[in-house]
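Single-structure report; data block below.
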Amino acid sequence: MSDVAQSEFNIRKYIREDLFPHFMCPGCGHGIALRALLNAVHNLGIDKNRLAIVSGIGCSGRVGAYIDANTFHTTHGRPLAFATGLKLARPDLEVIVITGDGDCLAIGGNHLIHACRRNLNITCLMLNNEVYGMTGGQVSPTTSTDRFTTTTQSGNYEPVFDACKLAEGAGAAFVGREMTLQTPALRDLIMEAIAHEGFSFVEVLSDCTEVFGRKNDMGDSMEMVLAQKSGFRSNSYGTAVDEPFKPRGMKTGVLHRSERLEYAAAYQQHHAEKSST
Amino acid sequence: MTERETLKADVPAESLVHQRPTNVLVVGVGGQGVIMISKVLASLSKELGHQVKQSEVHGMAKRGGAVFSHVRFGPAVFSPTIPEGEADILVALEWAEGLRWLPHLKQDSGTFIADTQQIVPPFACRNRSRGADLGYPRETVPDVMEKIANSFALDAVGIATEMGVAKAANTVLLGTLSAALDFPVEAWKSVISEFVPPKTIEANIRAFDAGRDWALSFDRQTHLKDWTGRTVRSPAEVVDSAAGITSTLEITEEWCKGCDICIKFCPERCLAMDARQIAILVDPDRCTGCRICEWLCPDLAITVHTQTNTDSA
Ligand SMILES: Cc1ncc(C[n+]2csc(CCOP(=O)(O)OP(=O)(O)O)c2C)c(N)n1
Ligand code: SF4
Ligand code: SF4
Ligand code: SF4
Ligand SMILES: [Mg+2]
């Protein structure tokens, strides 16, 4: 993907300027993810009228509302279900789902695994901030061990979901992970995810400065962003096994890619076969 | 002072001039074990009768900041630091840090040993000054190996992790380093055993052997041929200042929430917070248009505009 950026990227062309400044807290990583996504959309030359952003509920879900495209703010945990219906009805649209760790893995975990299993050609960005940001900082399926949240007052002891492994195991055609600190790399990963045929899952390692960072004494915004880099290792080199249930030691980059039959294609193939017999 | 006297007593005077010390520079980021590697090397060379000087800097160590350590040993060592271009061996525990320190390596005869692990420091790995040589940190493993005859790039973290001792990546590198120096293997192992926690001695010795075996069986051509890694990335998008590009910074004040990210991350320190808690550009001349502030502003409040001066060829 080198013949990109036909024109200089002007983010104002892709946002609803009248809604700015956005609602997010100072330093919230979701805003950085928004930039990376819009830059990817620009580089791929996707027409706004052909772009559909479907989001769930949460601070992550609110991110979608700021994009000047066809946006669909759905119910908690269900953006993938809405997106599935949308894509089947309008296969000409580029459907991108923005969801959170709570939205996607807790209440919406069921929809995630079936979206992966069906392998419909949509892209899912899960903004992982390890917490239920919007509702005041409750524990989520990705909260790291020992972290304090309003519902784990003495530290989290639950095992942690590795969302990428879950998506791969459930059949997603493309799986990747990147942190907001590495914004250009995140943009490139999102570009690859959108371009890949089939269900693409991208875990964005974001930050909740306000209700997670403060409670865990993780420093100010800058320190939280910087903290992302320690403990992560790029997938570019080597094939070392990573350690399950240890999010802060996870690999980043493209983690899985397969050419499995896409759902709409499978659907058409199936009906062509049925009607010809 | 006894240093000179002992030297005089032990070594014939003229050989002191000819036998320059061996210089080993160990670099990485906090928490990786830079200091452990240099301490093992220093105490080993001392045990084997060399004079040793070691000095280190570990500023932001706890937060994953840059750490480096100089080890010099030989019959006589005076200065504790290695001048640029004088390191016989550069051991890098992190790829971008390794690239950053390359100018310290002896030009033709220096040996470069690097873990390909990337903990890309957002502001430490690129020379952003105007007109600077571009693409330097984008160098891939094959690029570097092409340039430096004695270069060994290995996935030490990967090797250690596969052995189930992820934390011993630094000991893997010690093994690789041991292949580049002629100290007896057993002496290495006994010093390592003194330095690591007793429970981990066995694991560390295995890691050491793995690193050493890797180096001894290393074949440059196959390594280059089989290399599949991607290029090094950094949050800073390069602005080609060599081609005459000027950049201007636009800050949308109404959108800034004063989170401080741009100010703290700007490598040139040209931004500041004003009395209203809004980011302002205080030193436009120093701004290189690197876009770090733009990339990392969560409020989309910063835009870097670049202009190509087409007439400047
Ligand atoms: C059916 C339903 N249950 C619960 C809620 C309350 N609720 C709103 S957002 C949220 C969690 C959001 O967490 P996450 O998806 O991680 O998003 P974040 O705010 O962290 O970006 C919950 C539980 C709701 N809106 N609807
Ligand atoms: S509560 Fe957390 S996730 Fe939500 S906007 Fe604030 S910082 Fe961001
Ligand atoms: S102000 Fe922004 S573009 Fe300029 S040097 Fe600083 S970070 Fe880079
Ligand atoms: S990063 Fe953006 S919001 Fe934060 S201080 Fe800088 S300009 Fe303001
Ligand atoms: Mg969340």
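Chain letters run A, B, ... following the sequence lines, proteins first, then strands; residues in each count from 1. Quick caveat: nothing in here was measured; it's all calculated off a predicted structure.
The list of salt bridge (Lys or Arg N to Asp or Glu O under 4.0 Å) pairs with a residue in residues 28-44 of chain A, not counting sequence neighbours, reads A:Arg35-B:Glu294.
When every heavy atom of A:Glu8 is checked against every heavy atom of B:Val304, the shortest pair comes out as OE2-O, 3.6 Å. Considering all non-hydrogen atoms of both residues, A:Ser221 and B:Ile261 come closest at CB-CG1, 3.6 Å. B:Lys257 approaches A:Cys25 most closely through the heavy-atom pair CD-C, 4.4 Å. Nearest heavy-atom pair across B:Leu296 and A:Thr180 is CD2-O, 3.8 Å. Scanning both residues, A:Leu34 and B:Leu300, for their nearest heavy atoms gives CD2-CD1, 3.9 Å. Of all non-hydrogen atoms in A:Gly27 and B:Cys259, the two that sit nearest each other are N-CB, 3.4 Å.
Judged as a side chain to side chain donor-acceptor pair (under 3.5 Å), and not counting sequence neighbours, B:Thr248 has no contacts. Every side chain to side chain donor-acceptor pair (under 3.5 Å) that B:Asp283 has, sequence neighbours left out, goes to B:Arg286.
Under a cut-off of 6.0 angstrom, the local environment of CG in B:Asp219 is crowded, with over 12 non-hydrogen atoms contributed by other residues, nucleotides or ligands. Heavy atoms of other residues, nucleotides or ligands lying less than 6.0 angstrom from NZ of B:Lys167 number 12 at most. The number of heavy-atom neighbours closer than 6.0 Å to CZ of B:Arg206, taken from other residues, nucleotides and ligands shown, is above 12.
When the heavy atoms of residues 16-24 of chain A are compared with those of chain B, the residues falling under 4.5 Å are A:Glu17, A:Phe20, A:Pro21, A:His22, A:Phe23, A:Met24, listed by number.
Heavy-atom distances place the side chain of B:Glu250, and not its backbone, under 4.5 Å from chain A.
When side chains are defined from C-beta on, A:Leu186 does not count as touching B:Trp295, because their heavy atoms never get closer than 4.5 Å.
Of the listed residues (B:Thr303, B:Asp299, B:Leu154), the greatest number of heavy-atom pairs within a distance under 4.5 Å of chain A belongs to B:Asp299.
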